[in-house]
Amino acid sequence: MKTQEKIEYKATSNACKLCSPLGASFVFRGIERSIPLLHGSQGCSTYIRRYLISHFNEPVDIACSNFTEETAVFGGGANLKLAVENIIKQYNPKLIGIATTCLSETIGEDVPMILKGYNKKNFDENFPEIVSVSTPSFSGTHIDGFHSAVRAVVDSIAVKKKISAKQINIFPGMLSPADLRHLKEIVSDFSTDYVMLPDYSDTFAGPLWTEYQEIPEGGTKLKKIASMGDAVASIEFGRILAEEESAGKMLESRFNVPCHSLGLPIGINETDAFLKALETITGKPVPEKYIQERGRLIDSYADGHKYVFEARAVVYGEEDLVTGLASFLSEIGIIPIICASGGESGLLRQKILDIIPDAEKIGIKIIEGADFVEINEEAKKIDPDFFIGNSKGYRIAREMKKPLIRVGFPIHDRLGGARIVHVGYRGAQQLFDIISNTIIATRQDTSPVGYTYM
Amino acid sequence: MEALSRKRIDEEKVSLDSDEFMDPETLKLEILSKYPPKVARKKAKQIIVNRKETEEKYPEIQANVRTVPGIISQRGCCYAGCKGVVMGPTRDIINLTHGPIGCGFYSWLTRRNQTDPSTTPDGHNFMNYCFSTDMEEREIIFGGEKKLRAAIQEAYDIFKPKMISVFATCPVGLIGDDVHAVTREMEEKLGITIFGFSCEGYKGVSQSAGHHVANNGLFQHVIGLDNTVKEGDYKVNLLGEYNIGGDAFEIERVLNKCGIKLISTFSGNSSVDFFANSHTADLNLIMCHRSINYVAEMMEKKYGIPWFKINFLSAGGMSRSLRKIAEYYGEQKLIDRVEEVIAEEMPAVKKAQAEVRPRLEGKLAMMFVGGSRAHHYQEMFREMGMIPFCAGYEFAHRDDYEGRQVLPNLKVDADSRNIQELEIEKDPERYNPRISAEEFEALERNNIKLRDYEGMMTDMPSGTIVIDDISQYETESLLKTYKPAVFCAGIKEKYTVQKHGIPMKQLHSYDNGGPYAAYRGAINFYHEIDRMVNSKVWDHIKAPWEKSPELAARYTYQS
């Protein structure tokens, strides 16, 4: 917490962050037969469902303990137990992931305590695992809720059975379902077994149903999570996360599973680091397929760099996403002239400087704890070429008549948010093409002639 | 029962194969069997097979009761109803959320309300903004009033708005921040209208509580601030129309054409200036009965403005409502003008109906939405030859289902008692009954029912299904059993329905479409439903190598 004396209060106008139970819901949806349960008012689950649904274009069930005024005064224990019971009866889940809200945190609900006396005795069989995580929305942002939930799941489920599982743990962070699929493909291509947590690549992006699915199929298997303590190594993405008490580090200190903390593999440099780490861990060479992919990507950089270099981009989103995008943009010659995030880890500046040491000389503006009004003010001074980030930046981009390239979360004014590939050489290729073509299209549209030849 | 329902359905010219069409009562039992006994007992009162028991009486439904924890409902919270629904569409008031960031963010321009700032001289429009005090841990511990004061000051300094309102979220009530004291103090300091709403999310059982809180706030702090009497005849307010997808614009077009003067809409395409002046109107027209009937009742008591229910969705509803307004005023000039307008508008509507009807005739539609929309849209579907077979509300009360005659006998439970009922008295200067008791009776005799809403169930044929606060699981059962041609609800149900290969229309935010109100809106809607129901995408669900869906399912299972 910050110091008490002389607080300069500032309202947040058009926030560049969401609340932490949303992040936890993301994670719990990415585990096999799991239902997230928010301990709070039904508005929380409804709002969060709506946000996830409108981004992923998929059904998302999130249960709630439905606080009423009476519950808020006398405590939510009875409601929580009733919710757990009803979820078991209706969904027969393997895991119920309970996340608190600002309501239950304010009245000081102790979820583990409530559930302590409540055990399998009441149920003959099929009593699910229950994991709870504290996610008050007055503390941190959605990404903190995400990482806390991953940590809570690992904390309560992962054990060491002392059998070498010959597998790698992957903690991908808050990426798109298409990203998760691509990461799994890469790791599989090293002929290595892995556990990815969370894995919502199917649960947030599934085909039409031939049969009704109470809980969408897919997600990290609980058995696999239990085996995480036996892995040969963990790979955890996020340069900001690397500084925090993460799930990967927990496994390292508890079970001696070495943790490789890497940046989100966006662009060539960070993807190279990822593949290098896989090579080191598995002792196997990078598969030819990726050497080819990398080669094609570099070839396209060679062909296209002249159209994009020194273009200036406003980048915003979660701190780790911003860091990853800044790394990618700077390697293709685009200046991430504003790097902004609603996150307040206090680390963003340093992480950007690690990647772009002369950032300040170039005039890159790094805004921590930003809202869109602040981003707007800075952007107006700079006159950037484009914006890159989620749908919430649309208003500024529109006002400034600049293109917005949609990445990250939430994307609720376009289709396909779940299908964007940000990571790997493949993701870099797609982003590079979209960005280059956007810049070229803008030049074409504003040209008095409108050449159809480059 | 079964025979009765078949008969009704025959009347609606539907041919449903008698072996395949499951009796609604059987389905109800099937649904209930999946719930724990206690939940099943409660749910049994919320799932009703609609039938007229006697000429006057319809079955009773349980509504506006708490959702059972763990049963995934589509309902929102008190804050959502207050800030998101009622206050959200007003362009020139600064709506400041006092709380952690989530609530403000999630209610930030997600309802597709449209507005036209050019009709107010200052051109203020803050709807693109989301203002929040963004409370953090230190405010939860030490109190957030200081931060709230600073935020109000900041909003005032930057935007110089005419009005600011503050919305309390869950933690605010619990830590004891007094939004009313802070707003009173800031109102005095800044000299503009500033007021607060105690709309903490845990109040009431759904967003409906928030509608009531918003109605109270508007009535206490805004309505009646400006006594200027505007020029024009037949001055009306339109209550409970939120201008989703431009509905209010199309309604305004038709009203203007008829020479009916709209003073204020609550709250689609609205300005606080219009609210402030709305007590000078002659008549209140109610669209969404659930969200706004409180304002109508309070305005009648304080200012003497009568109200009645209208429905501007569907061409038939629009014409009927216009005629009702004309008959209320009883002036030949208006009656004639309304008939002229209807005669001008209807040929295009009829043409569109004739075009889509052959492709839609007899197909089933289901709608679970809102506190009034599930009723309003039924006529629209009937105009296309479709059958609104199942319907229900998310947050309505019994009067919205069964009609206002149930009001005197409604039990007020603890959750509703928490929402303040304002004591209203006649305004000493401004009370002016627009019609006399004799005129009121004459209108009633003439079948112009004032202060009345007959509810949705009385408008639905026997044998149809009505479900209150439908759960995800009940939705699935309906889809599986009846395979409707189209299912209408909101974003939360949208993709579940589409996963089954069934077209889904959002009636909250219109899937980027609209307007659907009045005549041109109805034409839009007919075409859109026609395109959705008859879209070719559904032909591709089965791949050519799939012999039968069972085989495909087995294959998935085996792998």
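Computed over heavy atoms, backbone and side chain alike; hydrogens, waters and symmetry mates excluded.
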When [options] are compared by non-hydrogen pairs under 4.5 Å with chain B, the top option:
{"options": "S137(A), C64(A), A15(A), G342(A)", "result": "A15(A)"}
{"options": "G206(A), G43(A), P136(A), A83(A)", "result": "A83(A)"}
{"options": "I107(A), V373(A), D61(A)", "result": "D61(A)"}
{"options": "I48(A), V73(A), I62(A), N66(A)", "result": "N66(A)"}

Task: Min side-chain heavy-atom separation R138(B)-F138(A) under 4.5 Å - done: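 Side-chain contact under 4.5 Å: no.
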
Task: Y9(A) vs T133(B) side-chain heavy atoms within contact, under 4.5 Å - done: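 Side-chain contact under 4.5 Å: no.
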
Against chain A, label [X] side chain, backbone, both or neither, depending on which of its atoms sit under 4.5 Å from a heavy atom there.
{"X": "N128(B)", "result": "both"}
{"X": "K146(B)", "result": "both"}
{"X": "R75(B)", "result": "both"}
{"X": "V497(B)", "result": "neither"}
{"X": "I152(B)", "result": "neither"}
{"X": "E139(B)", "result": "side chain"}

Please round to the nearest 0.5 Å and tell me the distance separating atom [atom1] of [X] and atom [atom2] of [Y].
{"X": "K499(B)", "Y": "Q213(A)", "atom1": "NZ", "atom2": "CD", "value": "8.0 Å"}
{"X": "T110(B)", "Y": "Y51(A)", "atom1": "OG1", "atom2": "OH", "value": "6.0 Å"}
{"X": "D134(B)", "Y": "S13(A)", "atom1": "CG", "atom2": "OG", "value": "10.0 Å"}
{"X": "Y202(B)", "Y": "T101(A)", "atom1": "OH", "atom2": "OG1", "value": "12.0 Å"}

Task: Aromatic plane relationship, W209(A) with H500(B) - under 30° parallel, 30 to 60° tilted, over 60° perpendicular - done: perpendicular

Open item on the list: For Y79(B) and Y47(A), take the angle between the two ring planes, folded into 0 to 90°, and tell me which bin it lands in: parallel under 30, tilted 30 to 60, perpendicular over 60.
Closed with: perpendicular

Open item on the list: Quick one: does any side-chain atom of R50(A) pair with a main-chain N or O of G490(B) as donor and acceptor, under 3.5 Å?
Closed with: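 No.
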
Open item on the list: So does P69(B) get a backbone contact from the side chain of N86(A), meaning a donor-acceptor N/O pair under 3.5 Å?
Closed with: yes

TODO: Report, as yes or no, whether the 6.0 Å neighbourhood of atom NZ on K42(B) holds more than 12 heavy atoms from other residues, nucleotides or ligands.
DONE: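 It does: K42(B) NZ has more than 12 such atoms within range.
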
Task: Interchain contact, K17(A) with chain B, by part (heavy-atom threshold 4.5 Å) - done: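 The answer is both parts of K17(A).
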
- [ ] Please lay out, stage by stage, how E85(A) and K38(B) fare under the test salt bridge (charged side-chain N to carboxylate O under 4.0 Å, His left out).
- [x] CA-CA 12 Å; E85(A) 209 167 297; K38(B) 218 174 129 190; over 6 Å; no

